[in-house]
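Counting convention: from 1, in listed order, for ligands and their atoms alike.
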Amino acid sequence: MAFSSKFKPFKLALIQLGNVTASKSDNLAHARDMVLKAAASSRKPDLIVLPECFNSPYGHAHFPVYAEKIEPESESIKMLSTVAKETQTWLVGGRCSYRTRDGENLYNTCTVYNPNGDLVAKHRKVHLFDIDIPGKITFKESETLTGGTTTNFFDTEFARVGLGICYDIRFPELAMISARQGCHVLIYPGAFNMTTGPLHWELLQRARAVDNQLFVAMCSPARDLTAGYHAWGHSMVVDPMANVLVEAADVEDIVYADIDPALMESARAGIPVTEQRRFDVYPDVSQS
Ligand SMILES: NC(=O)CCC(=O)C(=O)O
């Protein structure tokens, strides 16, 4: 397996976006302002992340209404590409998209832009959020969405970054495959809810981080109790020893973290599970 040797210190910003309304263009304008604010801060982030479906309220009824094709002239793509170029930063933005060629399936997709504003990667949520906890929460993304079929990462000048979207974090195989592909950081735009958020949001990030000895970040919308879906918030970055480096509260905020490769090196040197796996006893899922 060829691992990317480039892993340099960099700064990550997560935008816990609030003030999401029914107007997509207002949401895009606000998201743009927040990206400009993050980029102008004294922390000078190299990579900025927006939450899952940041351009619309979250809910399966909304997905078809706000969806766009992934094409340069689409409203959200244009905004994300332009602001990445303007701020000279890497940008990850989660949204809903239509498949353009073979059919009209709808996907929950996040797109990635380099500092020239080029679309360099996309990830379609592989595991759809279909849960039913009686009396608490029932949600069925599969009513309107189709699951993606690929794992995805992108290379920057400072790290290899693996992608997942929200519910994808519950599936250790996806994170494990990204880790074996040489990712240093896993990023999940997300929107956990008020039932599973307090129980699992931090636990899952720390679990994926310690399993794979890499950095994990999840970026949520801010909580809005007037919206149909109440997001947990608590955007977070976790290091390879499962320490929480930074955590937002539930309101709109931008949180920043310094990603230090030395933390990954010392975790892997001190607890060398990456070299102690017993593929003579169990299969390597990243090879299947
Ligand atoms: N947007 C999502 O995928 C939500 C996932 C979630 O809340 C969970 O508990 O998992």
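Each of the following atoms of ligand 1 lies closer than 4.0 Å to a heavy atom of C166: 1 (N), 2 (C), 3 (O), 4 (C), 5 (C). Listed by atom number, the atoms of ligand 1 under 4.0 Å from R170 heavy atoms are 8 (C), 9 (O), 10 (O). Each of the following atoms of ligand 1 lies closer than 4.0 Å to a heavy atom of E52: 1 (N), 2 (C). Per-residue contacts place N193 under 4.0 angstrom from the following atoms of ligand 1 (heavy atoms of the residue considered): 6 (C), 7 (O), 9 (O).
Contacts of F129 with ligand 1, taken as heavy-atom pairs under 4.0 Å, involve the side chain alone.
Taking the charged nitrogens against the carboxylate oxygens, K125 and E141 do have a contact shorter than 4.0 Å, which makes a salt bridge. Taking 4.0 Å as the cut-off between side-chain N and carboxylate O, R43 and D258 count as a salt-bridged pair.
For the ring-ring contact (aromatic ring centres under 6.0 Å, His included) with F192, the lone residue among Y229, W201, F129 that qualifies is W201.
Scanning all protein heavy atoms for the shortest distance to atom 9 (O) of ligand 1 gives T196 OG1, 2.6 Å. Ranking protein heavy atoms by distance to atom 1 (N) of ligand 1, first place goes to Y58 OH, 2.7 Å.
For the residue pair E252 / H30, a side-chain donor-acceptor distance below 3.5 Å is found, with atom types taken as modelled.
The same ILVMFWY cluster, assembled from side-chain heavy atoms under 4.5 Å apart, contains both I131 and L145. F54 and I77 fall within a single hydrophobic cluster, where Ile, Leu, Val, Met, Phe, Trp and Tyr side chains are chained together by heavy-atom contacts under 4.5 Å.
Between E141 and ligand 1, no pair of N/O atoms sits closer than 3.5 Å.
Between Y188 and Y167, the gap from one ring centroid to the other reaches at least 6.0 Å.
At least one heavy atom of K125 sits less than 4.0 Å from an atom of ligand 1.
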